[in-house]
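Report on the following structure.
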Amino acid sequence: MIDMSAIPPRTQGAAHLLANDANALTPDFPFHYGRFLDHGASTGAPLWNISSAAFGRQVLIVGAGVAGMVAAYEAMRIGLHPVVVEASDRIGGRFYSHVAGDPQDPTGSVICELGAMRFPVSGKALMHYFDKVCMTANSTDFPSAGSSAAPSTLVDYKQQQVYYEGNNLPPEYAAIQQRFGGFLHHDPIKFTEMETAMSEGTLDQAKIKTLWNAILDADWDNLSFFAALVEHAGWSREEIEHFGLVGFGTGGWNAGFAAGFLEVLRVLYTGLDTNHKLMYDGSSELPLRLWTRSPMILGDTMVHWPADTTVMGLSTEVIPRVFNQEVRHITRRPDGQFDVWIFDQIQGSSRPYTFPAVVYTPHKRILDKFRYMDGATRFNQMNDLLSPQEWEAVMYTHYMRSTKVFAQTRRPFWTEVGAEGQYRMSVTVSDRLTRGTYLLDYAPSQGLHRGSGVYLSYTWNEDSIKFLGDRAAPLPSHVQLCTSLLDSVYAPHELDLAAEFGMIDPFVEINWEEQPFFLGAFKINLPGQYEYQRLLFSQFMNGVFSQNLDGFILAGDDVSFTGGWAEGAVTTALNAVHKLALMAGGGATLENPGPIDEWTKLQPKAL
């Protein structure tokens with residue numbers, strides 16, 4: 001019998017995870033990327049070596065998001081010539097920092113993260129790069145609902161409000177989280193054992209594999225999150241509804257109840273759901289600094305190239321205008337190289353290029369979509385880029401929808417305490433239109449923007465759809481809709497939210513399903529899709545054991561087992577560069593083996 005009282009609520013377990021130094025080692029392939037990166041940094045040498053005959057060899061990197069920039073930067077360090085092209089007009093992908101308010105006024109402007117906004121410290125590979133570009137020093141704990149970083153949280157459920165401060169959950173919410181924690185301790189989940197095996201001082205990769213493979217053998221790939229709570233946890237509908245709103249870590253989870261339960265377990269095992277950081281400089285700065293700064297500036301070494309060489313400089317040598325460039329067609333030549341047709345959106349025309357290797361990082365269903373764009377002949381030519389099974393995995397990749405509505409404010413008014421002893425406004429979790437409302441104060445930042453703002457609404461999936469399909473104006477804006485609800489929720493505080501908004505360009509909204517070159521916010525698998533994910537993640541290994549190395553390589557968070565988290569973008573980029581090193585006659589050192597070297601021991605289980 002499990003003593004439920006001994007299980008801390010998830011939001012109160014954050015300190016425990018920090019003390020144990022939890023690692024986001026995906027249980028499917030628990031290679032320690034953070035240790036690999038740290039060891040490489042300690043030697044003062046690039047992570048891999050290549051033959052000098054391959055120095056200067058070009059490789060096309062499609063996409064200038066985090067995966068693309070990490071791949072390009074590390075490829076440059078080992079002596080290859082990365083050429084980055086980007087279909088949009090900016091660096092970053094879903095690292096998308098928008099300045100709301102007056103950019104010339106530090107206290108009158110604030111960064112709104114339209115994409116990724118909270119970064120778990122258990123993601124050691126991502127944190128390595130944040131440290132490298134000197135962003136960690138200007139960061140703080142992200143004020144998620146119910147976290148110690150949030151001054152207060154208000155839950156609006158069935159039009160009733162419950163207020164609490166910090167991570168001091170009301171008893172009914174603590175009981176929900178404790179019951180969920182109790183469920184996680186049952187077979188075959190064995191949460192405590194997995195958590196111990198993933199913690200730095202007690203790390204045990206063999207144990208991780210054994211525990212995870214037992215879950216796969218128990219056929220839990222076919223289980224949705226909702227079904228797990230009904231069929232295995234034995235919860236009532238009311239308990240599920242309440243938990244779906246209150247949830248843990250990043251907030252309520254009912255928007256993800258249809259997802260495969262393996263997706264949820266990965267997030268919990270790896271600590272990705274808690275201990276998040278907010279980067280005051282703006283997340284876009286990470287890929288931007290990898291693009292514009294030389295390894296010498298970032299404290300790294302590099303072979304072959306002059307010390308001041310940058311990814312931007314090498315890319316623009318080949319393609320002077322790297323933005324607004326759509327890779328619409330890729331074909332494999334008989335000699336193993338690739339002919340690539342790149343459409344210039346500014347000029348309205350395509351131009352062919354040839355590269356020995358291509359690393360493709362955008363959403364993978366975009367790759368499927370583009371192969372239909374130039375007729376049947378070119379469509380057929382693209383088929384041999386992937387196997388039929390891999391194409392099927394691409395076509396069935398499931399993406400999560402997401403919308404954010406943001407307003408810059410004149411001041412962080414929510415820090416004021418009213419006569420009743422409560423903060424005027426709180427991080428708000430609601431079962432109504434807004435769903436998640438977050439309050440951000442950048443005053444402690446050492447950067448250029450030190451104002452404040454409110455994510456009036458952050459929604460996923462079906463809740464996100466509510467912000468689509470509007471008729472032509474005049475209609476109340478989504479800001480007005482959210483403001484009306486929040487003013488109603490905080491009526492006892494006499495909140496007049498509109499009076500707090502800034503005067504110069506304070507509003508911004510994004511729906512990722514409407515964004516060009518994206519098909520949603522991030523990948524999240526449905527039940528039964530484990531094999532699809534295994535095929536996509538394992539694609540970088542094509543040809544490794546046959547010595548017929550395939551130079552078309554997939555990378556990006558939707559290839560990883562942790563879609564939606566930038567850790568997956570970074571780690572799959574490292575996988576890709578290891579493959580490039582092998583193609584260039586090199587590899588990792590014996591003292592610091594890379595992911596390909598550990599593949600046989602750690603590879604994902606085939607079902």
Side-chain angles (χ1 to χ4, degrees), residues 94 96 98 100 112-118 144-145 153-161 224-226 237 240-247 249-259 263 363 365 398-409 425-440 453-491 495 497-498 501 506-516 518-524 526 563-564:
R94 280 160 294 144
Y96 192 178
H98 172 86
C112 167
E113 297 288 9
L114 294 173
M117 66 180 184
R118 43 193 166 196
S144 291
T153 298
L154 186 130
V155 177
D156 172 49
Y157 178 58
K158 295 185 177 179
Q159 302 189 36
Q160 300 294 316
Q161 291 80 42
S224 71
F225 189 7
F226 188 87
R237 182 177 184 84
I240 291 173
E241 287 182 353
H242 214 163
F243 175 75
L245 180 68
V246 177
T250 54
W253 273 78
N254 49 9
F257 274 162
E263 298 285 83
H363 276 170
R365 291 188 73 169
H398 177 258
Y399 293 100
M400 192 97 152
R401 298 175 289 269
S402 179
T403 297
K404 288 180 178 177
V405 182
F406 183 86
Q408 175 254 339
T409 59
M425 189 175 180
S426 307
V427 176
T428 308
V429 181
S430 177
D431 60 355
R432 293 187 272 181
L433 180 74
T434 52
R435 293 311 306 269
T437 299
Y438 297 89
L439 314 173
L440 276 300
V454 177
Y455 290 92
L456 297 169
S457 176
Y458 179 22
T459 56
W460 298 338
N461 272 2
E462 282 68 24
D463 295 304
S464 177
I465 294 175
K466 297 173 185 176
F467 293 100
L468 289 174
D470 285 343
R471 303 183 304 280
L475 283 175
S477 72
H478 294 155
V479 169
Q480 289 174 289
L481 298 180
C482 295
T483 300
S484 295
L485 173 58
L486 292 168
D487 279 350
S488 172
V489 168
Y490 288 95
L495 181 66
L497 196 51
F501 295 153
F507 308 123
V508 62
E509 178 177 340
I510 191 168
N511 189 301
W512 280 99
E513 203 167 22
E514 292 185 319
Q515 294 302 298
F518 294 91
L519 295 173
F522 54 87
K523 179 272 300 179
I524 187 165
L526 298 174

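Position 1 is the first residue of the sequence; numbering continues from there.
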*asked:* Distance check, rounded to the nearest 0.5 Å: Tyr455 atom OH versus Thr434 atom OG1?
replied: 15.5 Å
*Considering all heavy atoms, the nearest Ala258-Leu526 contact*: O-CD2, 3.8 Å
_Working to the nearest 0.5 angstrom, can you tell me the gap between Glu462 CD and Arg435 CZ?_
10.5 Å
*side-chain contact (heavy atoms from CB on, under 4.5 Å) between Leu481 and Lys466: does it pass, once the steps are laid out?*
CA-CA 11 Å; Leu481 298 180; Lys466 297 173 185 176; over 6 Å; no
*side-chain contact (heavy atoms from CB on, under 4.5 Å) between Leu497 and Tyr490: does it pass, once the steps are laid out?*
CA-CA 10 Å; Leu497 196 51; Tyr490 288 95; over 6 Å; no
_Quick check for you: to the nearest 0.5 Å, what is the distance between Met400 atom CE and Glu263 atom CD?_
10.0 Å
*Heavy atoms only: give me the nearest Gly244-Phe257 pair and the separation to one decimal.*
CA-CZ, 3.6 Å
*Would you please test Leu486 and Met425 for side-chain contact (heavy atoms from CB on, under 4.5 Å) and show each step?*
CA-CA 9 Å; Leu486 292 168; Met425 189 175 180; 4.0 Å; yes
*Which value, rounded to the nearest 0.5 Å, describes the distance between Asp431 atom CG and Asp156 atom CG?*
6.0 Å
*asked:* Given 3.5 Å as the limit, does a donor-acceptor pair link the side chain of Gln160 with the main chain of Tyr157, or not?
replied: no
*Anything under 30° is parallel, anything over 60° is perpendicular, the rest tilted; go ahead and classify Trp460 against Phe522.*
perpendicular
*asked:* Let me confirm one number: the CG-CD distance from Leu114 to Glu509, rounded to the nearest 0.5 Å.
replied: 10.0 Å
*Nearest-0.5 Å distance, CD of residue Glu113 to CZ of residue Arg118*: 12.0 Å
*asked:* Can you tell me which residue among Leu440, Val454, Leu439 is in a side chain to side chain contact (heavy atoms under 4.5 Å, CB included) with Thr409?
replied: Val454
*Considering only heavy atoms from C-beta outward, does the side chain of Val489 approach that of Arg432 to under 4.5 Å?*
yes
*Kindly give the heavy-atom pair with the smallest separation between Gly115 and Trp512, and that separation in Å.*
CA-CZ2, 3.8 Å
*Identify the heavy atoms of Leu485 and Ser430 that sit nearest to each other, and give their distance.*
CD2-OG, 4.5 Å
*Any chance you could lay out the side-chain contact (heavy atoms from CB on, under 4.5 Å) test for Val427 and Ser144, step after step, and finish with the verdict?*
CA-CA 7 Å; Val427 176; Ser144 291; over 6 Å; no
*Would Tyr399 and Phe518 count as a close aromatic pair, with their ring centres under 6.0 Å?*
no
*Mind listing the closest non-hydrogen atom pair of Ser426 and Leu154 along with its distance?*
CB-N, 3.7 Å
*By ring-ring contact (aromatic ring centres under 6.0 Å, His included) - contacts of Phe467 (at least two apart)*: His478
*Please answer whether the main-chain N or O of Ser484 pairs with a side-chain N or O of Ser488 as donor and acceptor at a distance below 3.5 Å.*
no
*Give a yes or no on whether the backbone of Leu519 and the side-chain of His363 come within a donor-acceptor separation of less than 3.5 Å.*
yes
*Of the non-hydrogen atoms in Ser402 and Tyr458, which two are nearest, and what is the gap between them?*
OG-CE1, 3.2 Å
*Under the 3.5 angstrom rule, does the side chain of Thr437 hit a backbone N or O of Leu456 as a donor-acceptor pair?*
yes
